[in-house]
Amino acid sequence: MTDSDPAPGGRSQGSSSRGRGERVFRRLTSGSGLLVVVAVAAIGLFLLVQAVPSLMANNANFFTSPEFNTRDAANLSFGIRDLLVVTLLSSLFALAIAMPVSLGIALFLTQYAPKRVARPFAYVIDLLAAVPSIIYGLWGIAVLAPALLPIATWLQNNLGWFFLFAPGNLPVLTGTIFTGGVVLAVMILPITTAVTREVFSQTPRFHMEAAQALGATRWEVIRMAVLPYGRSGYIAGSMLGLGRALGETIAVLIVIRAATSPSHFSLFDGGYTFASLIASAASEFSQPLPTGAYIAAGLVLFVLTFVVNAIARVVAGGKVNG
């Protein structure tokens, strides 16, 4: 045996060390995943336990009543009808604006723009995510709302026969779901664009080269290779954006005005979302039953996010490419 030969048993010792390392790493990763599941379940259980007493004391239909009155702890009367309408309308309207814009930006950055242009342009888009929510809210109510007023007026005058553009429950066309949805679209654009851009950039090169070899144009390469590969990632990114829109608080609280009458299912309605209502009343959480009413609203938002993610999984085919 020479000095350079491995010591007897060296290979088995190295293998056992690697095996122990793999087992430790596997247990750590499994424990981390289990911890997340336990934390989510604990949050849901907490919300449910805190909400049940208030739901039992509620004098209105929780799902269909537009009223949310918790001033008298002995006579609670609250429902989530208008909260659900305002939350879904503003978030879905924002998603309808952000999805095509983010798709166009992602395709431009990955398929058309040279790298010296794409890199700084991508940085600028990503920086939008660093702007605080309160800045978006102030910009939305002070700058964007007056700028959108002519568009809102035209839509109501010409398309008012359609329920989404019918007159709402506010006397003015500023501070409506329409304005709030545009603000939310700008807020969710960075995350939707970032995920979509990363997925499109990872499209296998041989897929694109095979399409080019068949004589495909640039658009045909995108349609046949890039979009099919990135579809699930694009949907996943859009659902991440929708999740942020559903839970956005401060910007929505500033932009969308409160309304005294029920929602008309119009984009020109005012009102509260789940998150903005809870934030507006947080300073009054001093009695268990009224506080439980807001926790019940939070529970619905909690469940809603799970439904959204489940739908995204089904639409994306249960996997995300990239």
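If you read the sequence from its start, that first residue is 1, and numbering goes on from there. As the structure is a prediction and not an experimental result, all values here were calculated from the model.
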Check the pair Leu159, Leu164 against side chain to side chain contact (heavy atoms under 4.5 Å, CB included), reporting the backbone distance first and the verdict last.
CA-CA 9 Å; Leu159 299 176; Leu164 286 178; over 6 Å; no
Would you say Thr305's side chain and Phe302's backbone share a donor-acceptor pair under 3.5 angstrom?
yes
Asn169 side chain to Gly270 main-chain N or O, any donor-acceptor pair under 3.5 Å?
yes
Closer than 3.5 angstrom, by distance alone: can the side chain of Glu248 be matched with the main-chain N or O of Ala245 as a donor-acceptor pair?
no
Measure the acute angle between the ring planes of His207 and Tyr229, then classify it against the limits of 30° and 60° as parallel, tilted or perpendicular.
perpendicular
Give a yes-or-no answer on whether the side chains of Ser276 and Thr273 include a donor-acceptor pair shorter than 3.5 Å.
yes
Can you check whether Ser77's main-chain N or O pairs, donor with acceptor, with Asn59's side chain at less than 3.5 Å?
no
May I ask you to decide if the ring planes of Phe165 and Phe162 are parallel, tilted or perpendicular, using 30° and 60° as cut-offs?
tilted
Taking Ser266 for the side chain and Ala166 for the main chain, is one N or O donor matched with an acceptor at less than 3.5 Å?
yes
Main-chain N/O of Pro100 paired with Ser102 side-chain donor or acceptor, under 3.5 Å:
no
Phe121 side, atom CZ; Arg197 side, atom CZ - distance, nearest 0.5 Å:
10.5 Å
Is Arg257 salt-bridged to Asp269, cutoff N-O under 4.0 Å?
no
Might you confirm whether atom CG of Leu149 has over 12 heavy atoms from other residues, nucleotides or ligands at distances under 6.0 Å?
yes
Using modelled atom types only, decide if a donor and an acceptor are shared between the side chain of Ser238 and the backbone of Met99 within a distance under 3.5 Å.
no
Please report the closest heavy-atom contact between Thr192 and Ile188, naming both atoms and the distance.
OG1-O, 3.0 Å
Phe93 and Leu184, any side-chain heavy atoms less than 4.5 Å apart:
no
Within 45° cone and under 6.0 Å: Arg81 NZ/CZ vs Phe63 ring
no
Hydrophobic cluster membership, with links at side-chain heavy-atom distances under 4.5 Å among I/L/V/M/F/W/Y: are Val86 and Tyr272 in one?
no
Between Thr196 (side chain) and Thr193 (backbone), is there a donor-acceptor pair under 3.5 Å?
no
Let's go through Leu289 and Thr70 carefully: what are the C-alpha distance in whole Å and the side-chain angles of both, what is the deciding distance for side chain to side chain contact (heavy atoms under 4.5 Å, CB included) to 0.1 Å, and is it a yes or a no?
CA-CA 8 Å; Leu289 287 180; Thr70 59; over 6 Å; no
Heavy-atom donor-acceptor pair, Ser280 side chain to Leu277 backbone, under 3.5 Å
yes
Under 3.5 Å donor-acceptor, Tyr234 side chain and Val199 backbone:
no
Do Phe178 and Phe268 pass the ring-ring contact (aromatic ring centres under 6.0 Å, His included) test, and can you show the C-alpha distance, the side-chain angles, and the key distance before you say yes or no?
CA-CA 6 Å; Phe178 182 81; Phe268 301 124; 5.6 Å; yes
To the nearest 0.5 Å, tell me how far Gln212 CD sits from Glu209 CD.
6.5 Å
